[in-house]
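Worksheet for the structure shown next.
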Amino acid sequence: MFRSVLRTSAIQASRSASRPIIGRVGPAISAPVFNVSSVRSYHEKVLDHYQNPRNVGTLNKNDINVGTGLVGAPACGDVMRLQIQVDEETGTIKDVKFKTFGCGSAIASSSYVTELVKGKTLEEALKIKNTAIAKELSLPPVKLHCSMLAEDAIKSAVKDYRAKRLVKKPTLGPESEVAASGSSATA
Amino acid sequence: MSRPLHVIHLLPLDPVKSFFQLFPKTFPEGGPPQDSFMTSPKALRREYRVLQSENHPDILIGSSALNKAGSSGDASFSSIINRAYTTLRNPYSRIAHLIQLYHPQELDITQDDTAKELIAKFQSQSPESSLEYKEMLLMVLEAHESLEMAEQESELEDLSAENDERIKESEKTIDAIIQNHWPITDWDALMMEAIRLKYWVNIQNGIKEWEPGKPVHLTH
């Protein structure tokens, strides 16, 4: 999984170099090429997700197959909304969108976590630990709570999805419009 | 909980724990609850400048004997004044400081764990409080969306005014709790209001840092 993410990051990173609209970012980012080998693995991934966050957006929160997680990090005032769309047949997450109002690390963590959960079952998604996110993005200790926000958001989204289903009790109902397997997202 | 302030020996009031005491003109009684929680940012700034001009290490080194024993102490005094000022000028860090000073467990709500525990407790109180918290988060996201969609600064005026109002209301609520319910028994209520204030202050920062075409990210 991580490998595939790495590959996409590399592609995205090269794409981003030609992107004209890069907004304000920290001083380290203004250099277009990351050639400082000692810090490369750290910066590249965080910065990539920070500059080109994946899966930003909104899903229909009223859709029975969509679970919405809304969480805040009270100490820094960051807020994140993460939505998952679950394929009823396979029980896997076939789409995921997020929106984060927060610092770079929080945005990078949320973006990374959306890539991570796509194609996973709910159980697998629940097992994602913030320490793994922080490690993958090499977040410094002071920014650990930013990755915590992403973990909280996934948990909250799954919880919302399940709560919704409990209330409505759909038993593979006619409202399922899923035709093909949703696991193609991992390809 | 570390108390770096004990470092200062040179102050007239030895061990000073409270940042409020460093600004006697703004807080003549040593800070809330005797003084109001609502401060005048201008007065605080003026006093800060005076203190800095009296205590800045460059000035001291330049004017008095070269590197006397006290100079390193003076440098740290100057940096403590800086920290105190930064803490007190922002209403959120001001209330967080006050809570840490007087809370029986010296709780520091700027710690994520502490704040989260508090929120979990608050949300589990009733479905209403849980909903209230979610609504607040939604409001933050909506403000964020307005920031992202805005194309000109003038479009932010309403958002900014609305948010300033929220900050002021929150400060008033905090002041009322401090003035009317001291000594505090319901610390949780005060701390929850402080957390609300944190979210509003964050929106304010987002507005301040907004520039056309720039992605809306926060720095902290």
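By convention in this document, chain letters (A, B, ...) are assigned in the order of the sequence lines, proteins followed by strands, and residues within each chain are numbered from 1.
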Atom NZ of residue position A/Lys159 - does it have more than 12 heavy atoms of other residues, nucleotides or ligands inside 6.0 Å?
no

Between atom NZ of A/Lys99 and atom CD of B/Glu145, what is the distance when rounded to the nearest 0.5 Å?
4.5 Å

Could you look at A/Leu70 and say if it's the side chain, the backbone, both or neither that has a heavy atom under 4.5 Å from chain B?
both

Can you say whether A/Val71 sits under 4.5 Å from chain B via the side chain, the backbone, both, or neither, judging by heavy atoms?
backbone

Does B/Asn180, at its CG atom, have more than 12 non-hydrogen atoms belonging to other residues, nucleotides or ligands within less than 6.0 Å?
yes

Among B/Tyr92, B/Tyr133, B/Tyr199, which residue has the highest count of heavy-atom pairs closer than 4.5 Å to chain A?
B/Tyr199

May I ask you to test the B/Lys134-A/Ser156 pair for a side-chain heavy-atom distance under 4.5 Å?
yes

Gap separating the NZ atom of B/Lys116 from the CG atom of A/Leu149, nearest 0.5 angstrom
6.5 Å

With a 6.0 Å cut-off (strictly less than), is the heavy-atom count around CD of B/Glu117, excluding the residue itself, greater than 12?
no

Quick check for you: to the nearest 0.5 Å, what is the distance between B/Leu137 atom CG and A/Met80 atom CE?
12.5 Å

Heavy atoms of A/Ala75 and B/Ala115 approach each other most closely as N-CB, 4.3 Å

CZ (A/Phe101) and CD (B/Glu148) are apart, to the nearest 0.5 Å, by 9.0 Å

Less than 4.5 Å apart, any side-chain heavy atom of A/Asp78 and any of B/Val140?
no

Looking at A/Ala73, is its backbone amide N or carbonyl O close enough to the side chain of B/Asp112 to form a donor-acceptor pair, meaning the two atoms are under 3.5 Å apart?
no

Rounded to the nearest 0.5 Å, how far apart are CG of B/Asn202 and SG of A/Cys103?
9.5 Å

Contact part of B/Leu138 toward chain A, heavy-atom cut-off under 4.5 Å: side chain, backbone, both or neither?
both

Is the count of non-hydrogen atoms from other residues, nucleotides or ligands lying under 6.0 Å from A/Arg162 atom CZ greater than 12?
yes

